[in-house]
Amino acid sequence: MILTEVHLLESIVSHALSNLPKAKAALTSARTAANSIYCPPLLQAQLDMQSGVLHAEDKDYKTAYSYFFEALEGFSSQDDSKAGKALKYMLLCKIMLGLPEDVTAIVSGKLAQRYAGPDVEAMKAVANAHSDRSLDDFEKLLQEHKKGSTRIPPSLSPSRLTRFTTFEQNSRTTQSSETT
């Protein structure tokens, strides 16, 4: 079990240092080590969380969402405070998939209601700005949440990615209306 934890820590540190290939390799080693032993639910949830983060970095938001969902269930079953972070990342993945309407459905679910608060409200506001395709609303939201205690998760670079996604969608809409 210690080997699993060491590889997981190596993956987290490598990701923090922006060395994604090494982070992925360390996570693979952690999962391999975890498969050969009994893995406690909290450690499994941490592995799922890291897997979700790395898939989100690769812009594979569908797979990342699945890992974050598993992490949320694992952390929630152990009453761990990291469950709220997993929920925020789940919501962010739905936004990045272009499914901001799913955010409201997820937040109204029984499991998610336990972790409602300013961070979840921030994700709902991001989803609303995304569905309205309003860069102005999004910029205002970023400024509001920089000042307060609520922070949009930085490790997934949501401001950069959401700006790009919203801009890209607005560009497509503008281009398609110009060609008709």
Side-chain angles (χ1 to χ4, degrees), residues 12 15 27 41-42 44-177 180:
I12 292 168
H15 175 257
L27 182 62
L42 198 55
Q44 184 61 50
Q46 291 171 333
L47 289 168
D48 289 336
M49 183 73 124
Q50 184 65 10
S51 294
V53 167
L54 294 180
H55 279 279
E57 287 285 349
D58 284 341
K59 298 181 182 172
D60 181 4
Y61 301 112
K62 197 172 213 177
T63 305
Y65 174 84
S66 297
Y67 278 117
F68 291 136
F69 182 78
E70 292 297 324
L72 174 64
E73 286 184 330
F75 288 133
S76 181
S77 72
Q78 301 297 307
D79 292 324
D80 191 281
S81 62
K82 293 178 188 160
K85 188 176 180 181
L87 176 62
K88 286 189 295 186
Y89 287 171
M90 279 175 56
L91 298 176
L92 188 59
C93 285
K94 283 296 185 180
I95 294 166
M96 296 309 299
L97 284 167
L99 302 169
E101 61 278 357
D102 288 358
V103 170
T104 306
I106 292 168
V107 171
S108 63
K110 187 176 180 180
L111 185 61
Q113 286 180 350
R114 290 175 52 187
Y115 305 102
D119 291 338
V120 172
E121 291 303 316
M123 288 295 110
K124 283 172 57 177
V126 170
N128 289 336
H130 189 277
S131 65
D132 294 343
R133 295 184 177 162
S134 172
L135 286 175
D136 290 334
D137 289 350
F138 184 72
E139 292 294 334
K140 287 176 191 172
L141 179 70
L142 284 177
Q143 292 306 315
E144 287 173 19
H145 291 288
K146 272 185 186 174
K147 295 174 188 170
S149 61
T150 304
R151 292 180 57 209
I152 297 171
S155 68
L156 296 179
S157 306
S159 60
R160 177 177 47 98
L161 295 173
T162 304
R163 274 190 216 142
F164 174 75
T165 303
T166 304
F167 177 74
E168 185 180 70
Q169 288 176 348
N170 284 341
S171 296
R172 284 188 201 144
T173 304
T174 305
Q175 288 173 352
S176 66
S177 64
T180 54

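Nothing fancy with the numbering, it's 1 onward along the sequence.
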In sequence, state the C-alpha distance, the side-chain angles, and the governing distance for V126 and K88, and then conclude on side chain to side chain contact (heavy atoms under 4.5 Å, CB included).
CA-CA 11 Å; V126 170; K88 286 189 295 186; over 6 Å; no
Between [atom1] of [X] and [atom2] of [Y], what distance do you get to the nearest 0.5 Å?
{"X": "L27", "Y": "H55", "atom1": "CG", "atom2": "NE2", "answer": "8.0 Å"}
{"X": "K82", "Y": "S76", "atom1": "NZ", "atom2": "OG", "answer": "14.5 Å"}
{"X": "L92", "Y": "Y65", "atom1": "CG", "atom2": "OH", "answer": "12.5 Å"}
{"X": "L111", "Y": "L87", "atom1": "CG", "atom2": "CG", "answer": "7.5 Å"}
{"X": "Y67", "Y": "M90", "atom1": "OH", "atom2": "CE", "answer": "15.0 Å"}

Correct closest heavy-atom pair for A56 and A64 would be N-CB, 3.7 Å
ring-ring contact (aromatic ring centres under 6.0 Å, His included) with F75: which residues, sequence neighbours excluded?
none
Could you go through residues 93-109 and list every donor-acceptor pair under 3.5 Å that involves a side-chain atom there, pairing it with any protein atom two or more places apart or in another chain?
from	atom 1	to	atom 2	distance (Å)
K94	NZ	D102	OD2	3.3
S108	OG	T104	O	3.2
S108	OG	A105	O	3.0

Which label fits Y89 and F68: parallel for a plane angle under 30°, tilted from 30 to 60°, or perpendicular past 60°?
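Geometry flag for F68 against Y89: tilted rings.
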Donor-acceptor contact present, side-chain D58 to main-chain D60, <3.5 Å
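Checking the backbone N and O of D60 against the side chain of D58, no donor-acceptor pair under 3.5 Å is found.
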Would you find more than 12 non-hydrogen atoms of other residues, nucleotides or ligands less than 6.0 Å from F69 atom CZ?
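12 or below, so no.
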Cut-off 3.5 Å, no hydrogens considered: what does the side-chain donor-acceptor table look like for residues 45-54, sequence neighbours left out?
from	atom 1	to	atom 2	distance (Å)
D48	OD1	R31	NH2	2.9
D48	OD1	Q44	NE2	3.3
Q50	NE2	S11	O	3.4
Q50	NE2	S11	OG	3.0
S51	OG	R31	NE	3.2
S51	OG	R31	NH2	2.9
S51	OG	L47	O	3.0

